[in-house]
Protein chains: 2
Amino acid sequence: MDYSYSEHKQCYVALDCIIFGFDRKDLKLLLIKRNFEPRKGDWSLMGGFLESDESLDEAASRILSSLTGLKDIYLEQLKGFGKVDRDPVARTISVAYYALINLNDHDKNLLPEFGAKWFPIDELPNLIFDHEEMVSLAKARLRHKASNQPVGFELLPDTFTLPELQQLYEAIYETSLDKRNFRRRILSMNVLEKTDKKQKKYSKKGAYLYKFDEDKYSEQKNKNGGTKMMFKPPKV
Amino acid sequence: MDYSYSEHKQCYVALDCIIFGFDRKDLKLLLIKRNFEPRKGDWSLMGGFLESDESLDEAASRILSSLTGLKDIYLEQLKGFGKVDRDPVARTISVAYYALINLNDHDKNLLPEFGAKWFPIDELPNLIFDHEEMVSLAKARLRHKASNQPVGFELLPDTFTLPELQQLYEAIYETSLDKRNFRRRILSMNVLEKTDKKQKKYSKKGAYLYKFDEDKYSEQKNKNGGTKMMFKPPKV
DNA sequence: GCAAAAGTGTTACGAATACACCCATGA
DNA sequence: TCATGGGTGTATTCGTAACACTTTTGC
């Protein structure tokens, strides 16, 4: 084995962001149109390069906020992608991140720049390079995450109604869910706090607004060290 | 945004391998002693650099096999690590992989070189750089994986007994499990095939050897697209 | 014959599912 | 008054957990 750094090639390190958005109705993905060759005019994820004074996480945040203007967005690393010829221009590995954002808080100041556009998650155009692989992995990861913990708080406004939360889950799973069972399970998680206000935008009766209780949430998360066990140990 | 590659810094890309091994009894981790500065004499994960003609996956395999002599080992990407000062020598990002290997098939031809040593998973020494973070993440990931799918086939010989499989799960979860419940659940997964041979090494009575049915396994895995849903959709 | 590990079955409990009606309101 | 979406309760099923004794055999 060879430990001398200088004998090894360096490599471009890119970041690509899979940006999920939810507008109280549909789950969407933010894409940009490339305005340079190769593949000019094709759609792509938002990306950029790692600079020397920033960590991977910081670079992903920077790229996300430089392209959308948004800060403090929930962002999580998905995976490193490193096929030799994944980028035809130069040897580049890319670390993909996914973000969840709430379009109702933010939609005004979003997207006009850089030819960015929101696409419904089930009507995506062809993407460059290995970006489709990234997206499908991110979708799987989001579903997985949603099945283990109450995701969705990042995708919703500070207060939200249960029908809205249900729509988010339905969008993530691309299916419909039973209202009563959904409510029971979400409420039994004990991380929601009911307010006494009602949201009347979408119905005449109005739906109660809930908010997310961060303390209860992290309490729940740490209960099993974050992971459900396949088996419960015997009581002894 | 700036798309010209040459304006961006390149960066060293390292790979680090978290190598889990199981010897029919304990779960272990393979570490090497650094024989160069900085941190000479300290323990570290096995690592190396990405070369220009190989993908990340290929590089991880190469490093694993160059240090252990083993090929075709189960290897999965864990995460990219990219803090600015994680490596004091030069700016380097590292993509960590974890491997599962079965020490009974392989132990003879392993480890003597490079000052490598197997450590019980609960008695690890201090590690260099961010390697401890990598290990604890890998442990969590292994547990998580084991809770969703019958892991362990990579860590066991071609045939194995149910008590051996149970010991593996107990090692992964660092707990003890009820024999009857364990057997029922594992067998109900329908991926094991009983042989008519018995393993008598560890008891007078002897335990039946089982083997893993790859076809049934991948069938099971693809059932829910790999992910359990939080909710089952209504029948309609 | 006994020590040591392998193997086996049943009950009890709790979580997930299926399912249908009433409520509040604005138009 | 009626159309629209919000809200609620229960019986059933199924999976998981708890729990103790018998079998085999080498010594």
Side-chain angles (χ1 to χ4, degrees), chain A residues 24-25 146-150 156 159-170 173 175-210 220 223-224 227-236, chain B residues 24-25 146-150 156 159-170 173 175-210 220 223-224 227-236:
Chain A
R24 294 185 192 262
K25 191 145 187 302
S147 73
N148 295 359
Q149 51 188 271
L156 289 166
T159 62
F160 49 87
T161 67
L162 293 183
E164 283 167 354
L165 185 59
Q166 181 173 348
Q167 277 205 296
L168 173 59
Y169 271 86
E170 291 178 336
Y173 289 125
T175 186
S176 67
L177 298 170
D178 182 274
K179 209 176 11 171
R180 290 158 292 188
N181 293 338
F182 178 82
R183 284 169 167 262
R184 192 181 10 253
R185 255 204 82 171
I186 285 287
L187 292 174
S188 74
M189 287 182 172
N190 237 27
V191 294
L192 296 188
E193 204 176 324
K194 193 175 185 175
T195 69
D196 53 3
K197 290 176 185 158
K198 282 198 163 187
Q199 150 77 273
K200 294 211 164 191
K201 252 194 242 177
Y202 302 93
S203 78
K204 303 170 180 173
K205 181 177 179 183
Y208 280 104
L209 287 162
Y210 285 75
Q220 288 301 112
K223 235 180 192 170
N224 307 317
T227 314
K228 250 177 285 179
M229 286 212 294
M230 184 175 189
F231 302 96
K232 200 176 165 189
K235 272 198 179 159
V236 179
Chain B
R24 293 184 192 265
K25 194 149 185 301
S147 74
N148 294 359
Q149 50 188 273
L156 289 166
T159 62
F160 49 86
T161 67
L162 292 183
E164 283 167 355
L165 185 59
Q166 182 174 347
Q167 276 205 298
L168 172 59
Y169 271 86
E170 291 179 336
Y173 290 125
T175 185
S176 66
L177 298 170
D178 181 274
K179 210 175 9 170
R180 292 158 290 189
N181 293 338
F182 178 82
R183 285 171 165 262
R184 182 156 2 118
R185 255 202 85 170
I186 285 288
L187 292 175
S188 74
M189 286 182 172
N190 238 28
V191 294
L192 295 187
E193 204 176 324
K194 193 177 186 174
T195 69
D196 53 2
K197 289 177 186 156
K198 282 198 162 187
Q199 149 78 273
K200 293 210 160 192
K201 252 193 245 177
Y202 302 93
S203 79
K204 303 168 181 175
K205 182 176 179 182
Y208 280 104
L209 287 163
Y210 285 76
Q220 288 301 110
K223 235 178 191 171
N224 308 318
T227 314
K228 251 175 287 181
M229 285 211 297
M230 185 175 190
F231 302 96
K232 200 176 165 189
K235 272 200 178 157
V236 177

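Sequence lines set the chain letters: A, B, ... in the order given, protein chains first and strands last, and positions in each chain run from 1.
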### Task
With DNA chain C as reference, determine whether A:Ser203 or B:Tyr210 sits nearer its 5' end, using the nearest nucleotide of each.
B:Tyr210
### Query
Is the count of non-hydrogen atoms from other residues, nucleotides or ligands lying under 6.0 Å from A:Tyr208 atom OH greater than 12?
no
### For atom CZ of B:Arg184 and atom C1' of D:dC14, their distance in whole Å
13 Å
### Task
Examine A:Phe182 together with A:Tyr169 and report whether their ring centres are nearer than 6.0 Å.
yes
### Message
I'd like to know if A:Lys204 reaches the base of D:dT4 with its side chain, counting only an N/O donor and acceptor under 3.5 Å.
### Response
no
### Message
Taking only side-chain N and O atoms of B:Lys179, does any of them lie within less than 4.0 angstrom of OP1 or OP2 on C:dT8?
### Response
no
#### Entry: Whichever of A:Lys200 and B:Leu162 has its nearest DNA chain C nucleotide further upstream toward 5'
B:Leu162
### Query
Using a cut-off of less than 4.0 Å, is there contact between a side-chain N or O of A:Arg183 and OP1 or OP2 of D:dT8?
yes
### Task
Would you indicate whether the side-chain heavy atoms of B:Leu192 and B:Leu162 approach each other to under 4.5 Å?
yes
### Task
Measure the distance from CG on B:Leu187 to C1' on C:dG9 and round it to the nearest whole Å.
14 Å
### Task
Please tell me which of A:Lys194 and A:Tyr202 maps to the more 5' nucleotide of DNA chain D, matching each residue to the nucleotide holding its nearest heavy atom.
A:Tyr202
### Query
Where is the tightest heavy-atom contact between B:Lys205 and B:Lys198, given as atom of each residue plus distance?
O-NZ, 3.6 Å
### Query
In whole angstrom, what separates A:Phe182's CZ from D:dG7's C1'?
14 Å
### Task
Take atom NZ of B:Lys198 and atom P of D:dT25, then tell me their distance rounded to the nearest Å.
6 Å
### Message
Minimum heavy-atom separation for B:Gln199 and B:Leu209, please, with both atom names.
### Response
CB-CD2, 3.8 Å
### Summary
Separation of D:dG7 atom C1' from A:Glu164 atom CD, nearest Å, is 15 Å
### Integer-rounded Å distance: D:dT16 C1' and B:Leu177 CG
13 Å
### Query
Does B:Arg185 place a side-chain N or O at less than 4.0 Å from the phosphate oxygens OP1/OP2 of D:dG15?
no
### Message
Suppose we call a contact any N or O donor and acceptor under 3.5 Å apart; does that hold for the side chain of B:Lys205 and the base of C:dA6?
### Response
yes
### Query
Expressed in angstrom and rounded to an integer, what is the separation of B:Gln199 atom CD from C:dA6 atom C1'?
12 Å
### Query
Atom CD of A:Gln167 and atom C1' of D:dG5: how far apart are they, to the nearest Å?
11 Å
